[in-house]
Amino acid sequence: MNLYYSQEMEAKLAHDLIHVHGPIIVGAGPSGLAVAACLKSEGVPSLVIERSHCIASLWQLKSYDRLRLHLPKSFCQLPLMPFPTEFPTYPTKEQFVRYLEDYAATFGVRSVFGESVVKAEFDEGLGFWRVKTVKEGSSGWAKEYVSRWLVVATGENAEEVIPTIGGLPDFEGIVVHTSGYRSGEAFRGKKVVVVGCGNSGMEVCLDLCNYEAMPTIIVRDAVHILPREMLGRSTFGLCMWLLKWLPVQMVDRLLLFVTWLMLGDTTRFGLRRPKLGPLELKAISGKTPVLDGGTLDKIKSGDIKVYPGVKRFISKGAEFVDGRSEDFDAVILATGYRSNVPSWLKDSEFFSEADGLPKRPFPNGWKGERGLYAVGFTKRGLLGASIDATKVAQDIAQCWNSEAKQKFCAS
Ligand SMILES: Cc1cc2nc3c(=O)[nH]c(=O)nc-3n(C[C@H](O)[C@H](O)[C@H](O)COP(=O)(O)OP(=O)(O)OC[C@H]3O[C@@H](n4cnc5c(N)ncnc54)[C@H](O)[C@@H]3O)c2cc1C
Ligand SMILES: NC(=O)C1=CN([C@@H]2O[C@H](COP(=O)(O)OP(=O)(O)OC[C@H]3O[C@@H](n4cnc5c(N)ncnc54)[C@H](OP(=O)(O)O)[C@@H]3O)[C@@H](O)[C@H]2O)C=CC1
Ligand SMILES: O=C(O)C(=O)Cc1c[nH]c2ccccc12
């Protein structure tokens, strides 16, 4: 029971509401865990509500086997607990998940699993957030949690983007989104078309090659492909260091020059570069450059074919916008993810209905009104989540620990 509820409020709350002692955090991914840990370190309890039956479901349930962190570990660790020193520079997903399990245990993160938040609404009368959940995968069973603070940590990758491409329902082979792809084993000897050329599409193509499958990647637009490492350092680390001294456009120019020396002109292989440089584009649009870990070599050798956009699918293959057509055994949709916040959060001021991200861009998208917060919607990966989590926890702790505990200080 929250000590700071007034008797009057207490009376107003129906007996079947669950009064959360501290903030409610929706989502037990890295962002939710990070904010719970930071709150704990400030002496603030919290409750994490997670739809799946484990922490970090994106990493444990929706990712392929060969996945590793693609930025060096120093840029991916959560606040207050570094990665073990014996971890490699780019930890595997198993290592990352083990780290997150240890992290949750170390900070005693309190979670309920298997409950999906279907509605969260600020009750003006009570001055509290009411958060309704249903048991994942069932109907007719619901709970309602209540708190002064609501932290949204459901992520930018909560739902798969499944594009409507003409003819796809008529395609007779396997169709799977990358979230359901585990390894190339199931595709040995098969012709596979991979739709989308972000980091997922590129990595899956390389994996397919490693299992003697024959991948074709669909690149419908311009894309920045960068070597994961340059000049003996991680490209990302080098960029972060250069950005301390130089403006982003200049860092982009240097980056593209070294990339050109290392990879050559990628246009020859069907990979046009956007007009804006990779870091400027990332900052403006959130579009992550591809950090190449060997895919480009397979494209150069012809093991991976590059085609422009799909015009439509047919029963045994696809027709492309350039008039060519080809047979395929399987389609892998590497078409990315989206936020699901607009489907359950009844507040259109803080989050955009269009993309489910906070309306105010980084670094100002972490705090809304009336005790509402967001962690992990910065388009800056785990580093962005850690920055948000620290700020959110400090803000809530200030309120929690203030002398005027009776007063509703989230505003
Ligand atoms: C394949 C892949 C690789 C990546 N690699 C990197 C990387 O190397 N480095 C990097 O910095 N970033 C990387 N990212 C970005 C990624 O966003 C972060 O790694 C990280 O997972 C974000 O954490 P999060 O907690 O914000 O979101 P998530 O990890 O997505 O966690 C959100 C949680 O909320 C839960 N949830 C969603 N909706 C509800 C609901 N309505 N009710 C209850 N629970 C809900 C989900 O089940 C999930 O467990 C990668 C992303 C992907 C897809
Ligand atoms: N640690 C690691 O190694 C990895 C990290 N990641 C991270 O995970 C996040 C998600 O990445 P990812 O899953 O690649 O998603 P992205 O959103 O980054 O990429 C989706 C791709 O699909 C394309 N696309 C979407 N719809 C269509 C369509 N109808 N026809 C053709 N192409 C289409 C997009 O093209 P367009 O740009 O034209 O819209 C884009 O190239 C990113 O942050 C990424 O960095 C992912 C994999 C590995
Ligand atoms: O993996 C991701 O999605 C990230 O957002 C990590 C990231 C943040 N800034 C970048 C710049 C270049 C490449 C990756 C990232």
Side-chain angles (χ1 to χ4, degrees), residues 25-35 48-52 54-64 66-71 73 75-76 90-91 93 96 100 112-120 131 133-134 136 152-165 177-179 194-204 217-224 226 228 235-236 239-240 274 278-279 281-283 285-291 293 308-310 333-341 343-345 374-386 388-389:
I25 300 166
V26 189
S31 298
L33 299 178
V35 73
V48 178
I49 304 177
E50 166 61 46
R51 67 181 170 186
S52 64
C54 60
I55 63 158
S57 67
L58 184 67
W59 288 83
Q60 301 215 58
L61 309 178
K62 294 185 165 191
S63 65
Y64 49 87
R66 61 169 272 124
L67 178 65
R68 287 174 169 264
L69 292 176
H70 65 167
L71 308 183
K73 62 178 182 175
F75 297 103
C76 294
Y90 301 100
K93 81 164 167 181
F96 184 52
L100 294 173
V112 289
F113 292 103
E115 293 186 33
S116 207
V117 171
V118 289
K119 187 174 177 187
V131 177
T133 68
V134 296
E136 184 62 10
V152 179
T154 45
E156 297 160 344
N157 302 309
E159 311 295 334
E160 291 83 4
V161 169
I162 309 288
T164 44
I165 305 176
H177 187 271
T178 45
S179 64
V194 177
V195 182
C197 61
N199 280 294
S200 295
M202 291 289 186
E203 280 281 304
V204 160
I217 192 161
I218 306 303
V219 183
R220 68 168 176 186
D221 203 357
V223 57
H224 276 300
L226 307 173
R228 192 168 295 172
T235 302
F236 185 83
C239 291
M240 290 299 114
L279 297 178
L281 187 65
K282 174 76 180 157
S285 74
K287 191 168 170 173
T288 313
V290 171
L291 294 172
V310 177
L333 298 171
T335 42
Y337 300 84
R338 63 179 168 79
S339 159
N340 65 13
V341 175
S343 71
W344 58 268
L345 181 66
V375 177
F377 296 90
T378 66
K379 296 270 181 185
R380 278 160 181 79
L382 295 159
L383 187 58
S386 293
D388 278 349

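Values reported hereafter were calculated over all heavy atoms of this structure, with side chains retained and with hydrogens, waters and symmetry mates removed. When a ligand or atom number is given, it counts from 1 through the structure's own listing order.
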Counting only nitrogen or oxygen atoms and a 3.5 angstrom limit, does [X] reach ligand 2?
X    : result
N199 : yes
S200 : yes
C197 : yes
E203 : no
R228 : no

Does any N or O of ligand 1 fall below 3.5 Å from an N or O anywhere on [X], backbone included?
X    : answer
E156 : no
G32  : no
Y64  : no

Give a yes/no on ligand 1: does S116 have at least one heavy atom closer than 4.0 angstrom to it? yes

Any R380 heavy atom less than 4.0 Å to ligand 1: no

I'd like to check which ligand 3 atoms, numbered from 1 as shown, lie under 4.0 Å from a non-hydrogen atom of [X].
X    : result
G381 : 4 (C), 5 (O)
T288 : 3 (O), 13 (C), 14 (C)
P289 : 12 (C), 13 (C)
H70  : 1 (O), 2 (C)

Distance to 0.1 Å, residue and atom name: give those for the protein heavy atom nearest to [atom].
atom                    : answer
atom 6 (C) of ligand 1  : W59 CZ2, 3.8 Å
atom 5 (O) of ligand 3  : K282 NZ, 3.0 Å
atom 15 (C) of ligand 1 : N157 ND2, 4.0 Å
atom 23 (O) of ligand 1 : P30 CD, 3.4 Å
atom 6 (C) of ligand 3  : L71 CD1, 3.5 Å
atom 11 (O) of ligand 1 : L382 N, 2.7 Å
atom 31 (O) of ligand 1 : G29 CA, 3.3 Å
atom 35 (C) of ligand 1 : E50 OE1, 3.2 Å
atom 38 (N) of ligand 1 : N340 ND2, 3.0 Å
atom 7 (C) of ligand 1  : H70 CD2, 3.4 Å

Do any non-hydrogen protein atoms sit less than 4.0 Å from atom 2 (C) of ligand 1?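 No; the ligand atom in question lacks any protein heavy-atom contact below 4.0 Å.
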
Counting only heavy atoms, which portion of P163 has something under 4.0 Å from ligand 2: side chain, backbone, both, or neither?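 The side chain, only.
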
Please indicate whether any nitrogen or oxygen in R380 is less than 3.5 Å from any nitrogen or oxygen in ligand 3.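 No - when backbone and side-chain N and O of R380 are compared with those of ligand 3, no distance drops under 3.5 Å.
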
Where ligand 1 meets [X] - atom numbers and elements under 4.0 angstrom, heavy-atom basis:
X    : answer
G155 : 26 (O), 27 (O)
E115 : 43 (C)
S31  : 23 (O), 24 (P), 25 (O), 26 (O)
V26  : 42 (N), 43 (C)
I49  : 43 (C), 44 (N)

Can you tell me if [X] has a non-hydrogen atom under 4.0 Å from ligand 2?
X    : result
K287 : yes
Y90  : no
E156 : no

